[in-house]
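Residues take their numbers from the sequence shown, with the count starting at 1.
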Amino acid sequence: MNLGSHFTQRLLRLPPPPTRDLVVHRDLRVPMRDGAVLLADRWAPKSGGDGLATALLRIPYGRAGMAAGPMVRPLAERGFQVLIQSTRGTFGSGGVFDPFRHEREDGLDTLEWVIKQPWFGESMVLFGTSYLGYVQWAVADRLPPQVKAMVLSVSESALSLEFLRKDGFSLETPFGWGVMVAGQERRWAMPRQLLGAKRVRRAMDTLPLDQADAAALGHRSDYIQDVLAHDADTPRWAELDHSHRIAGLTAPVSSVGGWYDIFLPGQLRDFQAVQAAGQQARLTVGPWSHISRDLGVTATAEALDFGLAHARGEQPPERAPVRLFVMGEDNWRDFPSWPPPGYAPQRFHLHPAGTLTATPPGESAPDDYHYDPADPTPAVGGVRLAPGVKAGRVDNTALEARPDVLTYTTATLDTDVEVIGEVTAEIWFRSSLPCADVFVRLCDVDEEGRSTNVCDGLISLTEADRTSCATVRLWPTAYRFRHGHRIRVQVSSGAFPRYNRNPGTGEPRATATTLRAADQEVFHEPAHPSAVILPVRQPID
């Protein structure tokens with residue numbers, strides 16, 4: 001019995017395959033234009049594998065084990081031959097792993113090599129999750145005609161740039177990822193990662209931050225040093241943004257995302273760009289974080305449904321371009337576009353005494369709270385990617401009990417309120433310091449008073465000591481607030497360590513050593529009408 005095959009079948013909830021009898025040709029040498037040689041493994045049915053459609057995966061995390069096996073085996077057993085290649089400088093491939101920087105040239109060279117192989121048939125599909133999706137975008141405007149489809153999940157064309165925003169630096173994801181890849185080829189790497197999770201978390205408390213990598217790893221990391229020293233819009237990262245390549249795309253794309261995924265905003269922008277480029281595109285977004293099991297289930301189904309059909313010159317089974325899991329209703333729904341039609345922006349205004357209504361505010365004094373970066377407002381659930389940390393929807397009771405978190409809540413809803421689309425907030429704000437952050441979170445409060453998070457976002461201000469409107473872009477969502485529930489908005493000044501704590505001094509994030517506490521004010525009056533703007537489903541006439 002092939003235990004790996006049966007395990008993967010159950011894990012991904014797949015029907016039995018036509019064959020479990022595979023052959024693996026290991027360590028195929030793929031030459032690059034600069035002389036580096038990258039290694040790849042080819043998986044195929046033992047009988048009749050030559051000439052099948054090829055699924056190409058380019059991965060920095062190794063070609064075996066739990067990182068790769070569940071992606072490769074189900075495809076090779078169900079109609080594809082699969083080539084999985086270790087990216088430059090990883091797991092035996094030549095050159096130096098400099099994250100994201102060689103994926104265009106190496107990807108183009110690999111495509112050219114594949115279509116020249118005697119076992120290659122007439123078609124290829126690009127497949128993969130996260131980094132494996134990014135490498136697809138890196139070559140999207142120069143696909144050979146043999147590439148019939150791209151199937152990617154929880155990924156985007158500008159991958160890490162969302163984390164490196166000057167006005168909202170997300171520390172946890174790039175730091176944790178940098179630590180992980182630095183040690184991923186050591187023996188027992190995964191247990192080491194899990195056992196070292198607390199050490200990595202403590203390292204993010206380090207001041208100055210440019211010493212945090214040494215605290216976590218015992219040595220410096222060039223990637224983490226780059227992340228800390230260079231904002232998203234600096235020349236250092238310019239070549240990592242492949243979003244402009246979508247206009248030259250020549251293949252249909254299926255994209256799978258999660259409402260609590262780290263890459264969701266950019267992934268949705270990419271989907272809109274694919275449609276604008278005139279290519280067939282479909283989008284599936286579920287109630288998932290970056291590493292949810294059901295995400296892998298859906299991505300594999302898309303490879304076998306959408307990808308394999310296109311590889312065979314067929315059309316996949318018809319469905320709407322956009323399929324969304326509407327949380328709260330807890331049901332899948334189909335739509336013609338993102339954002340879907342029929343949802344109009346509705347302002348929910350902050351009021352005194354912690355109330356939230358559609359009525360504009362009257363004259364009132366601002367609310368205030370004290371923010372201390374030495375005891376930063378913690379990140380709780382939501383968009384997280386760290387070992388041992390719960391992502392997605394969680395109970396916010398303890399968070400909302402903190403004195404540095406303000407809450408504003410509607411009356412009990414007498415009808416359902418359905419929100420699908422982009423969510424923003426306009427918070428009129430003033431700090432005692434010029435540099436401060438504004439974090440806004442949308443929550444659902446049930447009949448028992450339990451508050452769970454729906455979506456959130458943060459912006460960093462550099463003239464915060466002057467009353468101004470902080471426009472916060474929250475994560476997009478699809479959520480139904482049921483009648484009997486209440487809608488809540490949190491306002492605070494941090495979500496650490498998902499976002500770096502604002503030291504309040506204006507010092508560069510890499511070298512800041514001083515933490516200054518601040519007194520913050522949130523306004524709700526006619527001249528300063530703070531509000532969250534929700535895309536609310538409109539009644540059908």
Side-chain angles (χ1 to χ4, degrees), residues 168-172 198 201-202 204-205 207 260 348 350-356 364-384 386 388-410 423 425 427-433 435-446 448-461 464 470 472 474-475 485-505 514-524 530-532:
F169 174 58
S170 178
L171 173 64
E172 182 176 60
K198 290 183 178 180
R201 169 61 189 85
R202 288 194 300 269
M204 287 184 280
D205 292 331
L207 291 176
Y260 296 99
F348 288 78
L350 280 57
H351 285 260
T355 59
L356 185 71
S364 62
D367 294 324
D368 60 81
Y369 62 96
H370 185 74
Y371 174 74
D372 185 355
D375 178 25
T377 317
V380 176
V383 179
R384 307 291 298 279
V389 171
K390 182 171 174 55
R393 299 190 66 203
V394 299
D395 188 346
N396 280 237
T397 301
L399 177 64
E400 292 174 353
R402 287 179 60 104
D404 56 2
V405 178
L406 302 179
T407 61
Y408 301 86
T409 312
T410 66
V423 179
I427 305 299
W428 285 90
F429 181 86
R430 183 171 63 207
S431 174
S432 60
L433 298 175
C435 297
D437 291 348
V438 178
F439 178 78
V440 178
R441 169 169 277 188
L442 180 68
C443 293
D444 178 12
V445 183
D446 65 18
E448 284 73 43
R450 182 174 183 264
S451 175
T452 55
N453 50 294
V454 175
C455 60
D456 49 45
L458 176 144
I459 190 167
S460 297
L461 307 176
V472 183
L474 283 68
W475 248 233
H485 287 214
R486 292 174 290 158
I487 301 172
R488 176 169 292 170
V489 171
Q490 297 175 12
V491 180
S492 65
S493 286
F496 181 74
R498 175 185 168 193
Y499 292 101
N500 187 41
R501 54 185 167 176
N502 194 317
T505 62
T514 302
L515 301 177
R516 294 183 61 190
D519 294 311
Q520 325 288 45
E521 292 180 296
V522 173
F523 295 83
H524 34 62
S530 295
V532 63

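The heavy-atom pair separating Arg402 from Asp375 by the smallest distance is NH2-O, 3.1 Å. The two residues Phe348 and Thr410 have their closest heavy-atom pair at CD2-CG2, 4.3 Å. Of all non-hydrogen atoms in Phe496 and Pro376, the two that sit nearest each other are CD2-CG, 3.6 Å. When every heavy atom of Arg498 is checked against every heavy atom of Ala379, the shortest pair comes out as CB-CB, 3.9 Å. The shortest non-hydrogen separation linking Leu442 to Val489 is CD1-CG2, 4.3 Å. When all heavy atoms of Gly494 and Leu458 are compared, the pair lying nearest together is CA-CD1, 4.3 Å.
Under the side chain to side chain donor-acceptor pair (under 3.5 Å) criterion, Asn502 pairs with Asp437, not counting sequence neighbours. By the salt bridge (charged side-chain N to carboxylate O under 4.0 Å, His left out) test, Asp519 pairs with no residue at all, sequence neighbours left out. The salt bridge (charged side-chain N to carboxylate O under 4.0 Å, His left out) check on Asp367 picks up nothing, with sequence neighbours excluded. The side-chain contact (heavy atoms from CB on, under 4.5 Å) search around Thr397 returns Asp395, not counting sequence neighbours. The side-chain contact (heavy atoms from CB on, under 4.5 Å) test applied to Ala353 returns no partner, not counting sequence neighbours. Not counting sequence neighbours, the partners of Leu515 by the side-chain contact (heavy atoms from CB on, under 4.5 Å) test are Leu207, Pro373, Ala374, Arg501, Pro503. Under the side chain to side chain donor-acceptor pair (under 3.5 Å) criterion, Arg486 pairs with no residue at all, not counting sequence neighbours. In this structure Ala518 satisfies the side-chain contact (heavy atoms from CB on, under 4.5 Å) test together with Ser431, Ser432, Leu433, Gln520, sequence neighbours excluded. For Glu172, the side chain to side chain donor-acceptor pair (under 3.5 Å) partners are Arg384, not counting sequence neighbours. When the ring-ring contact (aromatic ring centres under 6.0 Å, His included) test is applied to Phe523, the partners found at least two apart in sequence or on another chain are His528. The side chain to side chain donor-acceptor pair (under 3.5 Å) search around Asp205 returns Arg201, not counting sequence neighbours.
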Verdict with supporting geometry, Arg441 and Leu399, side chain to side chain contact (heavy atoms under 4.5 Å, CB included)
CA-CA 11 Å; Arg441 169 169 277 188; Leu399 177 64; 3.9 Å; yes
Tell me, with the steps shown, if Ile487 and Val445 meet side chain to side chain contact (heavy atoms under 4.5 Å, CB included).
CA-CA 6 Å; Ile487 301 172; Val445 183; over 6 Å; no
Report the C-alpha separation of Tyr499 and Ser493 in whole Å, then their side-chain angles, then the decisive distance to 0.1 Å, and conclude whether the side chain to side chain contact (heavy atoms under 4.5 Å, CB included) test is met.
CA-CA 10 Å; Tyr499 292 101; Ser493 286; over 6 Å; no
Between Arg488 and Thr407, is a side-chain hydrogen bond (donor to acceptor under 3.5 Å, both in side chains) present by the stated rule, with each step listed?
CA-CA 7 Å; Arg488 176 169 292 170; Thr407 61; 4.5 Å; no
Start with the C-alpha gap between Val394 and Asn453, add the side-chain angles, then the distance that decides, and say whether side chain to side chain contact (heavy atoms under 4.5 Å, CB included) holds.
CA-CA 6 Å; Val394 299; Asn453 50 294; 3.4 Å; yes
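Counted by atom type alone, Asp444 and His485 present one or more donor-acceptor pairs between their side chains at under 3.5 Å. A donor-acceptor contact under 3.5 angstrom links the side chains of His524 and Ser364, judged on distance only. Residues Ser451 and Glu400 bring a donor and an acceptor atom of their side chains to less than 3.5 Å of each other. Arg450 and Asn396 are not linked by any side-chain donor-acceptor pair at a separation below 3.5 angstrom, with hydrogens and angles left out of the test.
Between Trp475 and Val454, every side-chain heavy-atom pair lies at or beyond the 4.5 Å cut-off. Counting only heavy atoms from C-beta outward, the side chains of Pro403 and Tyr371 never approach each other to under 4.5 Å. Using a 4.5 Å heavy-atom cutoff, the side chains of Asn500 and Met204 are not in contact. When side chains are defined from C-beta on, Val405 does not count as touching Tyr369, because their heavy atoms never get closer than 4.5 Å. Within the 4.5 Å cutoff, the side chain of Ile427 has heavy atoms near those of the Val491 side chain. Proximity of Val522 to Asp368: side-chain heavy atoms (C-beta onward) are nowhere separated by under 4.5 Å.
Checking side-chain atoms of Asp456 against main-chain N and O of Phe439 turns up no donor-acceptor pair under 3.5 Å. With hydrogens and angles disregarded, no donor-acceptor distance shorter than 3.5 Å links the side chain of Ser492 to the backbone of Asp404.
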